[in-house]
Amino acid sequence: MTVDSSAARKPRRSAAGKAGTTGSKTGTTGTKSGATGTKRTTRSTRATAKSTEPELVQLLTPEGERVENAEYDGYVAGITPEDLRGLYRDMVLTRRFDAEATALQRQGELGLWASLLGQEAAQIGSGRALRDDDYVFPTYREHGVAWCRDVDPTNLLGMFRGVNNGGWDPNSNNFHLYTIVIGSQTLHATGYAMGIAKDGADSAVIAYFGDGASSQGDVAESFTFSAVYNAPVVFFCQNNQWAISEPTEKQTRVPLYQRAQGFGFPGVRVDGNDVLACLAVTKWALERARSGEGPTLVEAFTYRMGAHTTSDDPTRYRGDEERLAWEAKDPILRLRRYLEAANHADEGFFAELEAESEALGKRVREAVRAMPDPDHFAIFENVYADGHALVDEERAQFAAYQASFADASEGGR
């Protein structure tokens with residue numbers, strides 16, 4: 001069924017053109033290499049492209065120096081030293097929580113964990129750009145965004161411990177439950193955005209996904225629908241360079257943000273380890289969405305410092321040199337250098353934050369170990385509205401299986 005949408009007919013303003021200009025040099029480079037007449041990219045060309053730093057929006061260098069950007073400086077012009085310390089605190093506490101969750105999994109307290117180590121700036125920067133009435137559709141790694149939406153960190157762990165199916169009410173914080181199916185949340189976000197547009201709400205939607213998810217058909221379908229219906233949605237891709245063991249260069253021939261051009265909306269690449277740049281670019285994209293200018297693709301160029309999940313061994317497919325190069329761009333160290341150089345924070349601040357960090361780790365440990373075991377038979381509930389003979393049979397088989405452990409224990413006394 002075709003739906004006639006007045007929003008879809010709105011002309012796009014010049015902001016789309018500006019965003020396209022951001023990556024024009026990168027696109028030109030690719031055009032020149034393709035003009036050699038060779039259809040396949042040579043290894044030497046790949047090596048040269050890989051060694052060249054990509055063009056991206058950056059407001060804070062890895063050395064902690066503030067750089068000017070005429071297009072995006074206005075979005076962080078009002079930021080205060082207190083705000084900067086808040087961003088630093090957000091990143092430090094998010095990393096501490098993440099480290100504790102990883103340790104708990106290694107100790108057998110969680111079944112699995114997906115670490116965000118290295119991606120704190122992308123998540124905190126974009127998360128703090130949101131308004132309360134905006135809605136977030138995360139993957140399973142957006143622990144920093146959850147922190148920004150005031151979701152208690154311990155609530156994130158229930159699903160990974162196997163005691164619940166999520167742990168929080170999405171409508172309480174406008175933060176949807178974690179999505180395990182790769183890329184499907186972009187469709188959910190697009191549909192939700194189309195809905196609030198029809199309701200006339202002055203809010204926006206943001207969908208998080210990774211570079212691996214960008215290869216999924218769901219993401220392409222989301223781009224199509226959001227562009228045609230001018231949906232107020234921001235697609236925030238955290239390009240952490242690896243889709244489990246597949247590097248980005250094996251997934252795409254063009255930078256990910258340039259894909260948006262083919263769907264008719266702007267894309268921009270931002271330094272994903274620069275919390276100020278992520279904050280500014282996301283604010284810009286959200287304002288576009290709220291003002292009726294439609295979707296935007298933001299590619300946060302960052303790095304997954306740890307494993308894909310705790311079941312992964314990254315040493316099997318990437319070298320230490322790569323990690324060391326990205327450690328020099330660490331998002332937390334970068335902001336700390338800036339705070340210290342500008343005299344926006346003293347040793348007392350850092351010491352207090354360290355104490356708060358340790359307290360958070362202790363609280364998370366205690367909360368996880370205190371979580372009650374789930375009802376073993378809950379899995380059989382709500383499968384069919386009126387019950388089913390096969391489910392009843394399976395429930396009985398499982399009950400007998402559970403009882404066998406008690407019989408074995410009694411027999412061994």
Side-chain angles (χ1 to χ4, degrees), residues 89-120 123-124 127 136 138-170 172-173 175-182 185 208 210 238 240 242 244-245 304-316 323 332 353-381 398 401-406 408-409:
R89 174 180 176 271
D90 288 337
M91 291 195 290
V92 167
L93 294 181
T94 298
R95 179 172 290 188
R96 182 64 182 86
F97 161 71
D98 181 69
E100 192 62 41
T102 299
L104 286 166
Q105 194 283 328
R106 298 306 189 197
Q107 296 162 12
E109 300 290 350
L110 302 178
L112 187 73
W113 184 248
S115 173
L116 61 59
L117 184 62
Q119 298 177 219
E120 295 88 356
Q123 296 194 16
I124 297 301
V136 179
T139 65
Y140 44 78
R141 201 188 301 275
E142 273 65 62
H143 321 314
V145 185
W147 173 270
C148 293
R149 302 305 278 180
D150 294 327
V151 176
D152 191 307
T154 61
N155 286 342
L156 302 178
L157 302 175
M159 180 177 67
F160 293 96
R161 190 172 170 85
V163 302
N164 59 42
N165 295 318
W168 64 92
D169 179 2
S172 297
N173 309 76
F175 185 80
H176 201 266
L177 295 176
Y178 275 0
T179 305
I180 304 300
V181 178
I182 305 299
Q185 73 278 4
Y208 289 88
Q238 293 175 84
N240 63 21
W242 291 93
I244 306 183
S245 58
R304 191 193 77 214
M305 299 297 291
H308 172 69
T309 67
T310 46
S311 65
D312 171 43
D313 179 9
T315 64
R316 294 173 63 90
R323 179 189 170 101
I332 295 179
L353 183 55
E354 179 64 24
E356 184 181 6
S357 175
E358 289 305 308
L360 174 62
K362 180 181 179 182
R363 180 168 76 86
V364 169
R365 283 195 304 276
E366 293 174 347
V368 166
R369 291 168 178 162
M371 288 180 179
D373 291 334
D375 178 6
H376 292 168
F377 294 91
I379 192 174
F380 299 102
E381 303 299 328
F398 185 68
Y401 173 71
Q402 291 290 314
S404 69
F405 291 102
S409 176

Taken to the nearest 0.5 Å, the spacing of D98 CG from M305 CE works out to 12.0 Å
Do the non-hydrogen side-chain atoms of L93 and L353 ever get within less than 4.5 Å of each other? yes
Contact summary for T179 and Y140, nearest pair of heavy atoms: O-CD2, 3.3 Å
Would you say the side-chain atoms of Q107 and R365 include a donor-acceptor pair closer than 3.5 Å? no
Any chance you could measure D312, atom CG, to W242, atom CH2, to the nearest 0.5 Å? 10.5 Å
I need the L156 CG to F97 CZ distance, nearest 0.5 Å. 4.5 Å
Heavy-atom closest pair (P374 atom, G162 atom, distance to 0.1 Å) is CG-O, 3.4 Å
When you measure from the side chain of R161 to the backbone of E109, do you find a donor-acceptor pair of N or O atoms at a distance under 3.5 Å? yes
Which residues pass the salt bridge (Lys or Arg N to Asp or Glu O under 4.0 Å) test with R96, sequence neighbours left out? E100, E358
Report the distance from atom CD1 of I180 to atom CG of L112, rounding to the nearest 0.5 Å. 8.0 Å
Taking every non-hydrogen atom, the tightest pair across P314 and A307: CD-CB, 3.7 Å
Where does the angle between the aromatic ring planes of F377 and F398 fall among parallel (under 30°), tilted (30 to 60°) and perpendicular (over 60°)? perpendicular
Shortest non-hydrogen contact from R304 to I244? NH1-O, 3.5 Å
Between W168 and D152, is any side-chain donor less than 3.5 angstrom from a side-chain acceptor? no
Closest heavy-atom pair and its distance - P170, L177: CG-CG, 3.8 Å
Okay, side chain of H143, backbone of A114: is any donor-acceptor separation there less than 3.5 Å? yes
Between R141 (side chain only) and S115 (backbone N and O only), is there a donor and an acceptor less than 3.5 Å apart? yes
Side chains of P153 and R363, heavy atoms from C-beta outward: is any pair under 4.5 Å? yes
Heavy-atom distance under 4.5 Å between the side chains of N164 and M159, does that happen here? yes
Side chain R106, main chain T310, donor-acceptor under 3.5 Å: yes
Among side-chain atoms of R149 and H176, is any donor-acceptor pair under 3.5 angstrom? no
When every non-hydrogen atom of N155 is compared with those of V151, the smallest separation belongs to CB-CG1, 4.3 Å
Whether E381 side chain and I379 backbone form a donor-acceptor pair below 3.5 Å: no
If you define the side chain from C-beta out and look only at heavy atoms, does anything of L157 sit under 4.5 Å from M371? yes
So how far is it from H308 NE2 to N240 CG, rounded to the nearest 0.5 Å? 9.0 Å
Determine whether a donor-acceptor pair (N or O, by modelled atom type, separation under 3.5 Å) exists between the side chain of Q105 and the backbone of T102. no
Could you tell me whether the side chain of Y208 reaches within less than 4.5 Å of the side chain of Q238, counting heavy atoms only? yes
Please determine which of L104, V163, T154 meets the side chain to side chain contact (heavy atoms under 4.5 Å, CB included) test together with V368. L104
R89 CZ to I124 CD1 distance, which is reported to the nearest 0.5 Å: 10.0 Å
List for me each residue that meets side chain to side chain contact (heavy atoms under 4.5 Å, CB included) alongside D169, sequence neighbours excluded, and say none if there are none. N171, S172
Suppose we call two aromatic rings close when their centres sit under 6.0 Å apart. Are W113 and Y178 close by that rule? no
